[in-house]
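In what follows, a structure is listed as structure tokens, so that the remarks can point back to it.
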Amino acid sequence: MTQRPRLSVIGTGYLGATHAVCMVELGYDVIGLDVDEAKIESLRAGKIPFFEPGLPELLGKHIDSGRLRFTTDYAEVAEFADVHFVCVGTPQKKGQYAADLTYVDAAFRSLAAHLTRRALVVGKSTVPAGTAARLAKLLADEAPNKEVELAWNPEFLREGFAVEDTLRPDRLVFGVRSEWAEQTIRTAFEPVIATGTPVIVTDYATAELVKVAANSFLATKISFINAMAEVCEATGADVTQLADAIGHDARIGRRFLNAGLGFGGGCLPKDIRAFIARAGELGVDQAVSFLRDVDEINLRRRARTVELGLDLLDGSYRGTKVAVLGAAFKPDSDDVRDSPALDVAAAVGRRGATVQVYDPEANASAARVHPELTYAASLDDALRGVDLVMLLTEWQVFRAMDPVTVGSLVAQRNLVDGRNVLVPSQWRDAGWHYRALGRP
Ligand code: UGA
């Protein structure tokens, strides 16, 4: 076995915190860095500052071992590690489609200044094609050690499955320019590679594009089935059966064909927009113009969900009470970035309803973005006395609801199933007016 490199992880958000903790689990010594003191304090105290199943337990297991440390000091990180993973965010620029690279640039610049010994810097952030080449030049210009190199290693983890996806990824992609960089990054993933994980070694641009292409494909798949849902609504067909039927064709596959309120979160929406912007700069905007439709279909589902509720309330939300079940952009997460559920809740509130939101994990993060809505302490509290129930994030606790029990809490039995997760006949038999997206 080759000697294990010591690792640093720069940026301890969803991606970085998970990566740092999982690399210790895989046997490496790791130092995590963030410029946010509060985040670092929380991690040092063994507390993950967001909800991710399995991660708090792993952090707890490793924090006392001395093999996982956290700092805000770039000099300490540069001194300690042989391989540096840069995991900072690339959010959408305000009012534009393009990605904001401020954090990536700042992280590379701060790290480079301290790199006096040979190291491999590995970019994991999702970036527009061409960024890695620019950052390689930045390192060459600004790192005191002239043997410092860059690799690009996109990340494909899903929130809610972050630990599993990091320990057992579908594939590893390494964008490199030298044999040394390839060998070095291989040593940083040795236990993962040893289990037979496919490795694709390629150039920077391909590695960057793999990530945006994958997310664009996933977004397109969701919008495809949601477009079919629109057609189903016009014809009386059932999109869930349609998805099951086409999904049996292995070339199509059933995963990511769940029609409903559509995609949100910190990745798919901003990644397709950043891709549209970058393709425009590269003069190939036509090649990805379909992604504008993907985005529009996705946003139309939110408007349609508001309309379904309106139909059930005879044309007006004014003066009504509405329970919104779910605020996170998907279950098993407390992330409300571009959350379809929260978007619909806010729209219903603007139309004059009193909205009682309940999410098992995301009430607090939702309240920071939409303080004007009411947040219920329990599912029962959210349901009590409402004229309409909107199920917008498919947490297991909502899927398991009993129509009769819920019926005894509400004022009127009106239900919008925004994620197609309930059995319509069960609710209709219990006296509910049930409406869903793409389903009669
Ligand atoms: C997504 C990708 O799935 C990851 O592979 C990628 O690494 C990540 O973005 C990223 O770029 O960091 P994530 O945002 O955690 O992961 O969430 P997904 O599970 O992809 O779900 C995204 C959205 O699509 C959610 O709002 C979900 O409700 C929605 N969705 C998903 C549907 O509406 N229908 C489906 O069939 C599947």
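Source: prediction; values computed, not measured. The figures here come from the full heavy-atom set of this structure, side chains too, leaving out hydrogens, waters and symmetry mates.
- Across Ala243 and Leu257, no two heavy atoms sit closer than the pair CB-O, 3.5 Å.
- The aromatic ring centroids of Phe50 and Tyr14 lie less than 6.0 Å from each other.
- In summary, the side chains of Asp203 and Thr206 do present a donor paired with an acceptor at a separation below 3.5 Å, with no hydrogens or angles considered.
- Remark: side-chain polar atoms of Glu208 are paired, donor with acceptor, to backbone N or O of Thr131 under 3.5 angstrom.
- Taking the ring axis of Tyr28 as reference, the NZ or CZ atom of Arg4 stays within 45° of it and closer than 6.0 Å to the ring centre.
- Between Phe85 and His19, the angle of the ring planes goes over 60°, which puts this pair in the perpendicular group of the 30/60° scheme.
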Query raised in the report: After noting the C-alpha distance and the side-chain angles of Phe217 and Phe256, does the key distance pass the ring pair (Phe, Tyr, Trp, His ring centres under 6.0 Å) rule?
Result: CA-CA 10 Å; Phe217 191 87; Phe256 270 68; 9.9 Å; no
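- Looking only at side-chain heavy atoms (C-beta outward), Leu291 and Ser216 come within less than 4.5 Å of each other.
- Ion pairing between a basic and an acidic side chain is recognised when a charged N comes within 4.0 Å of a carboxylate O; Arg304 and Glu233 show such pairing.
- Remark: Arg109 fails to qualify as a cation-pi partner of Tyr74 under the 6.0 Å distance and 45° angle criteria applied to the six-membered ring.
- Salt bridge status for Asp338 with Lys270: absent, with no side-chain N to carboxylate O gap under 4.0 Å.
- In terms of heavy atoms, Cys87 sits closest to Val9 at SG-CG1, 3.9 Å.
- No donor-acceptor pair under 3.5 Å is formed between the side chain of Ser42 and the backbone N or O of Ala38.
- Side-chain contact between Thr354 and Val322 is absent, with no heavy atoms from C-beta onward closer than 4.5 Å.
- In this structure, Arg186 does not pair ionically with Glu190, as no charged nitrogen and carboxylate oxygen lie closer than 4.0 Å.
- No side-chain heavy atom of Glu182 sits less than 4.5 Å from a side-chain heavy atom of Ser178.
- In terms of heavy-atom proximity, Leu242 sits nearest to Ile225 at CD2-CD1, 4.4 Å.
- Looking only at distances, no side-chain donor or acceptor of Asp165 sits under 3.5 Å from a matching main-chain atom of Pro169.
- Residues Ser333 and Asp335 bring no donor and acceptor atom of their side chains to less than 3.5 Å of each other.
- Two residues are said to be in side-chain contact when any heavy atoms from C-beta on lie closer than 4.5 Å; Ile10 and Phe108 fail this criterion.
- Considering only heavy atoms from C-beta on, Leu43 comes within 4.5 Å of Pro49 through its side chain.
- Listed here is the closest heavy atom pair of Ile272 and Ala219: CG2-CB, 3.9 Å.
- Figure legend: Arg171 and Phe156 shown as a cation-pi pair, the cationic atom lying under 6.0 angstrom from the six-membered ring centre and within 45 degrees of its axis.
- Stacking of Arg278 on the aromatic ring of Phe275 is not recorded, the 6.0 Å distance cut-off and the 45° axial limit not both being met.
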Report task. Take Val77 and Thr71 through the test side-chain contact (heavy atoms from CB on, under 4.5 Å) and record every step on the way to the result. Result -> CA-CA 8 Å; Val77 157; Thr71 184; 3.6 Å; yes
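- The closest donor-acceptor contact from the side chain of Thr320 to the backbone of Tyr317 lies under 3.5 Å.
- Under the 4.5 Å side-chain criterion, counting only non-hydrogen atoms from C-beta, Val294 is in contact with Phe263.
- A distance-only check finds a donor-acceptor pair linking the side chain of Asn145 to the backbone of Thr116 [under 3.5 Å].
- Using a 3.5 Å distance cut-off with no hydrogens or angles, the side chains of Gln96 and Gln92 do not pair a donor with an acceptor.
- Nearest heavy-atom pair across Phe398 and Leu379 is CE2-CD1, 3.7 Å.
- Ion pair Arg67/Asp29 flagged as a salt bridge, since at least one NZ, NE, NH1 or NH2 atom sits closer than 4.0 Å to an Asp/Glu carboxylate oxygen.
- Screening Glu79, Arg69, Glu76, His84 for a side-chain hydrogen bond (donor to acceptor under 3.5 Å, both in side chains) with Ser8, the sole residue that qualifies is His84.
- Taking 4.5 Å as the limit, every side-chain heavy atom of Met390 sits out of range of all side-chain heavy atoms of Leu325.
- Taking the centre and axis of the six-membered ring of Trp395, the NZ or CZ atom of Arg419 falls outside the cone set by 45° and 6.0 Å.
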Counting only pairs under 3.5 Å, give me each side-chain donor-acceptor contact of residues 54-61, with atom names and distances, residues two or more places apart or in other chains.
| unit_1 | atom_1 | unit_2 | atom_2 | d |
| --- | --- | --- | --- | --- |
| Lys61 | NZ | Glu25 | OE1 | 2.9 |
| Lys61 | NZ | Glu25 | OE2 | 3.2 |

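- Put simply, CG on Leu268 and CZ on Phe329 are 7.5 Å apart, with the number rounded to the nearest 0.5 Å.
- A heavy-atom distance below 4.5 Å is not found between the side chains of Ile185 and Val83.
- A distance of 9.5 Å separates CG in Leu139 from NZ in Lys146, rounded to the nearest 0.5 Å.
- A salt bridge does not link Arg292 to Asp295: none of the charged nitrogens lies less than 4.0 Å from a carboxylate oxygen.
- Ion pairing between a basic and an acidic side chain is recognised when a charged N comes within 4.0 Å of a carboxylate O; Arg300 and Glu230 show such pairing.
- The shortest non-hydrogen separation linking Ala207 to Trp152 is CB-O, 3.9 Å.
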Requested in this report: Starting from the C-alpha separation in whole Å, work towards a yes-or-no answer on side-chain contact (heavy atoms from CB on, under 4.5 Å) for Ile252 and Phe224.
Outcome: CA-CA 12 Å; Ile252 296 172; Phe224 173 81; over 6 Å; no
